[in-house]
Each structure stands twice: as structure tokens, then as C-alpha cells.
Amino acid sequence: MSKPTPLSGFPEWLPAQRMIEQNVVEKIRTTFELYGFAPLETRAVEPMEQLLRKGETSKEVYTLRRLQEDAEAREDAALGLHFDLTVPFARFVLENSGKLQFPFRRYQIQKVWRGERPQEGRYREFLQADIDVVDRDSLPFHYDTEMPLVVGDALRSLPIPPVTIQINNRKVCEGFYRGLGLEDPDEVLRIIDKLDKIGPQKVSDALVQQGASAAQAEACLQLAQISASDLSFVEQVRKLGVQNELLDEGLEELARVVEAGTEHAPGLIRAELKIARGLDYYTGTVYETQLEGYERHGSICSGGRYDNLASTGSERFPGVGISIGVTRLLGLMFGRDALTASRSVPTAVLIALPNEDDRARCDRAARSLRSRGISTEVAPAAAKFGKQIRFAERRGIPFVWFLGADGEPDSVKDIRSGEQVNADATTWEAPAEDVKPLFSAP
RNA sequence: GUGGUCGUAGCUCAGCUGGUAGAGCACCGGGUUGUGGUCCCGGGGGCCGCGGGUUCAAGUCCCGUCGAUCACCCCA
């Protein structure tokens, strides 16, 4: 059997990177819980009809079937892996609405799968950290203002470059387009979304192609080019002179999100009237997040308001949510060596083994250190101390422990400084910064 | 899913118009009878991503495939 090769789009990290991922997830989780979001995990698989309920994303869904399965059952292709965490959550709410208290806020940190062509920062299997709030019948708008603040806190707790959460509101766009007399707001939105990639001239051409007049296209471009970190965007939109009720409503909402950002997290939020978001279940606020220095790789955290995603005949559960693309974030950072671990193992202390006969003594010392939370391993084999120190060095283990010769005290060496001092395994404490690996930008 | 570029030791790469593989770093051993990182000496490693084809001969040309990456699509 020849050497296995990677599977495109299914990343696997090395232990040092996995430690970083775990640490990142832990920090995100802590922030989510600080805001009172309750943990939830849904199954990886959903019925296809659920997955396709909103949005034409069928081609991205991986379907599930047993290897041995009769042809007729196969035709149903009844199950698929979820491609985000919002749709399964909506299903879960409908299914369990009787057992939940509303407004219901929960977080989910899980793998999702999409059958897209992979490239840097884009994968087929990746981890999302998602928060949502849903309520019965109607959901107060202030939750729309809270979402970016939560992920802002989470992202700012990580050793990564600054982020900017860009906000828009579909009501603004749709209202504006309708106010202009354009009939197909979704199509306009789709075109406007490409502004950064193809430039204003081509966007304008495309709009005219779709039946817009030159003046209408120009107005759409004017709107899309509005960007502000404060409320000044309202005035800028007004100046364009379009009158529409939905537009007014959207502006009011967007203003509230920006206002909350200004108050609670200066520099985090920016009204960016060109962002659209692909998923078509969003009905109001939409979020997209840029990581400074990695803008061209797309948003690392997105979401929005969905008023109609979770509804049955009689019941309706509007929601708002946002999701951090953990794998994208990490993949981009790893790709530039911009996030590293101080060691490749959790171990803080390596106990040198002078002779195989001393293993029991070493194990005793190890147990003593572990009992006080110090991650410890005993050297794999008796060898020259130089080799054992090198074993530790290769892995970034900061301390090597030496048993004292009979009657002598043990000693511990900081192999970074070379300093070695007498120590007692029942009382010695590692410096606080060395107990766990550190994760940082180099 | 469509198209482009790339794929040589663990890593970074060299290998001219086809003539059966090299460097630096890393790794292992010795100098250093057991406390490393310097220095010196020596060593192991590559079906040249994989499969097929053209040719007397292919790392070098052609096709396919897998992987990486870029653009489109879409999106975390």
C-alpha cells in the first residue's frame, strides 16, 4: 500500500496546531457562556428536505447513504451532512419548542461540511462556532445589536490581528432598490456584492444589463459605496433622495447596531452598505467580518437576522445569529506562521531517567508533580542526560527534572536559561507562564 | 462543479535544449564515560506525488489522476 495522501478540503492539524485550536475554541466558548448562551450540539445529519428548505445550496450538500443499500432506497438520498449550524438549529427549535424557554439563546461549536472547491481558508470540512437567539412570533431588535459585540469579545480575546465587523441591513438595500423602482432586489444585491471584485464600472454594466437605467445603476453604486464607523451613513443615504418605508426601517435598525458598537466596542463595527451575504434566508441585519491583513480571504465570521427560517404552519421563530469560521481563521494564520505554540506537547516537565532501575522513583516524582497540575512525562529510556535534555528541547518542554543521587535532593533545570536548582517534587511549582503552552503571534 | 498554475529528501530549493539525482538546513552517530544548544568528523535518508504513454533513454515531453494554490461559483 502506498503512502496515504491528504484528502482535499479535509484539513488535519499537527498536535501543536490542535492545541492552538482547542485553546481558541475554549476562549470562544468562555465568551459565549459569559453572555449566557447555552451549549447545544445537534447531530451531523439532517433530512435533505430540512437542509434544502431555504436556499439553493443543494449542490454543496454531502448526502449520506449506506454502502450496502438497495437502489430504490438510494434514490431518496434522504440524509445529508449539515452545511451550517443555523439550519439544524432552526429544525431543533421547531422540534423542541415545547421544552425550550424563549427567547432561547444557544451556542454550537461543530464541524460542518460543504462540497466546495477548496483553497486556502476554504475547506470542505470545517469548524464553526455559532451563536443564535430565537424567540416566538417576534424577536426584539436589540439582539441584532448584541451579536457582533459577543463575537467581538471572543475574537479580541484571541492572539490574532484586529477584526472589523461590517454590518448591513437587507431592508436598506431592498427598500432603496424598490424606492428606485427596481423590481428584482435579490438580483441587484447579487451584482452589488461583486463590487470589490469587479469594480464599479462592471457592476454598473451588469445592472444596466438587468434592465436598470443608468441613473438607477448609479444610485445603487452610490449606496453600495457608503461606509462609515459612525452614524454619518444615515445622512449619506438620505442625500441620495430615495423614499421608501422599508428603507427607513432598515436605516433605523442599522443605526442601532452601529450605535451599540460605538458605545460598547469602539473600532469594532462599521456600516458597510455593499455587503450582501449569499444565504438568502437573511431578512434584515447581515454581518461579515474582516481580519486585518487577510481581507482577500473573505469573512471569518458572518451571520444575520432571519425572520422566516424556523416556522411551521402556525408557529414562527424569528432569529438572529452569527458564526465564527474557526478553521478558516486558523488555516489562514497557520499558513503564514502567524499563530504558534510555545511547545508541541502539553508537557511542562520531563523527568530524566538515569537508569531503567530508577523508573519507579521517576514515576513517583511524576505523580507528585501531576497531582498539583503540572503536566509531566518520564523520559522514554535511560540515555545520556544530554540526549534526554535534547528530547525535551525538541518538543519545547521547558523543564528537565533530575533525581538526586542517594541522599541528595532532586533538581530541576530550566533548559532555556540553563539554570538548575534543587527542588522537591512535592512542593515545586512551575512558573505560571510555563504550566501550559503559550499561544501567540510570533 | 468549471478553468489556470504548480508538485524533486522532514523543510527551502537546484537539476540548462530528455542521457538513469544534488545543496543548505533538519535528523542520526562519534569527538564529549552519561547535563543539550557552539565547533569538528561521519552517516542515514528520494519508485523526482501516483498511473499510463512517446523515446534507445524521462525528474525533464504528452495524457490521466491525486494534492496544493489561484480565478469563477459560492461562502466560514
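Within every chain, numbering begins at 1; the chains are lettered A, B, ... in the order of the sequence lines, protein sequences first and strands thereafter.
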Here the distance between atom C1' of B/U33 and atom CZ of A/F385, to the nearest Å, is 13 Å
Worksheet item: Which part of the nucleic acid, if any, lies within reach of A/A352 when heavy atoms closer than 4.0 Å are counted: base, sugar-phosphate only, or nothing?
Response: nothing
Q) How far does the C1' atom of B/G22 sit from the matching atom of B/U69, given to the nearest Å? A) 27 Å
Between CD of A/E419 and P of B/G36 the distance, given in whole Å, is 17 Å
| task | For nucleotides B/G19 and B/C62, find the distance between their P atoms and express it as a whole number of Å. | result | 15 Å
The answer to which of A/R117 and A/G303 contacts RNA chain B further toward the 5' end, by nearest nucleotide, is A/R117
Pair up each side-chain donor or acceptor in residues 15-23 of chain A with any protein partner under 3.5 Å, not counting sequence neighbours, and list the distances.
{"from": "A/Q17", "atom 1": "OE1", "to": "A/L14", "atom 2": "N", "distance (Å)": "3.0"}
{"from": "A/R18", "atom 1": "NH1", "to": "A/E21", "atom 2": "OE1", "distance (Å)": "2.7"}

Quick note, A/K413 side chain, CB onward, closest among B/U69, B/C74, B/G36 is B/G36
Once you measure the plane-to-plane angle for A/Y282 and A/Y306, does it fall in the parallel (<30°), tilted (30-60°) or perpendicular (>60°) bin? tilted
Inter-nucleotide P distance (B/C63, B/U20), Å rounded:
25 Å
In whole angstroms, the gap separating C1' of B/G37 from CD1 of A/I389 amounts to 10 Å
Rounded to whole Å, the CZ-C1' distance (A/R395 to B/G37) equals 16 Å
- Compute both the distance and the angle, then confirm whether A/R106 meets the cation-pi test with A/F32: under 6.0 Å from the six-membered ring centre, within 45 degrees of the axis. no
Euclidean distance for P, B/A9 against B/G51 (whole angstrom)
15 Å
Exercise for review: Answer yes or no: side-chain N or O of A/E393 and base N or O of B/G37 forming a donor-acceptor pair under 3.5 Å.
Suggested key: no
The Watson-Crick or G-U wobble partner of B/U33, with both key distances under 3.5 Å, is none
| message | Regarding B/A76, can its base be found pairing with the side chain of A/R114 as donor and acceptor, where the two atoms are less than 3.5 Å apart? | response | yes
_Check: A/Q388 side chain, B/U35 base, donor-acceptor under 3.5 Å_ = no
query: Taking the P atom of each, how far is B/A21 from B/G30, in whole Å?
result: 32 Å
Between NE2 of A/H82 and P of B/C75 the distance, given in whole Å, is 17 Å
A/K194 NZ to B/C74 C1', in whole Å, measures 10 Å
**Asked** Just wondering, are more than 12 heavy atoms of other shown residues or ligands nearer than 6.0 Å to CD in A/E356?
**Response** yes
| message | What's A/A382 touching, base or sugar-phosphate or nothing? Going by heavy atoms closer than 4.0 Å. | response | base
Ranking B/A76, B/G67, B/C72 by distance to the side chain of A/Q119, first place goes to B/C72
Q) Under 4.0 angstrom, heavy atoms only, what part of the nucleic acid is A/E120 near: base, sugar-phosphate, or nothing? A) sugar-phosphate
Assert: residue with more 5' nearest nucleotide on RNA chain B, out of A/F126 and A/I415, is A/I415
Legend entry - Distance, C1' atom - from B/C40 to B/C50, rounded to whole angstrom: 42 Å
Query raised in the report: Does the A/R372 side chain pair with the main chain of A/A425, one donor and one acceptor, at a distance under 3.5 Å?
Result: yes
Between CZ of A/R124 and C1' of B/A76 the distance, given in whole Å, is 16 Å
Taken to the nearest whole Å, CD1/A/I397 to P/B/G37 is 18 Å
When you look at A/R29 and A/E26, which way does the salt bridge (charged side-chain N to carboxylate O under 4.0 Å, His left out) test go after all the steps?
CA-CA 5 Å; A/R29 196 172 72 86; A/E26 180 60 22; 3.3 Å; yes
- Query: Under 3.5 Å, is there a donor-acceptor pair between the side chain of A/R114 and the main chain of A/E125?
  - Reply: no
- Task: Considering only atom C1', compute the distance from B/U8 to B/A71 and round it to an integer number of Å.
- Result: 28 Å
Query - Nearest-Å distance once atom C1' is located in both B/U54 and B/G18 - result: 11 Å
Checking B/C28, B/C74, B/G34 against the side chain of A/P354 (C-beta onward), the nearest is B/G34
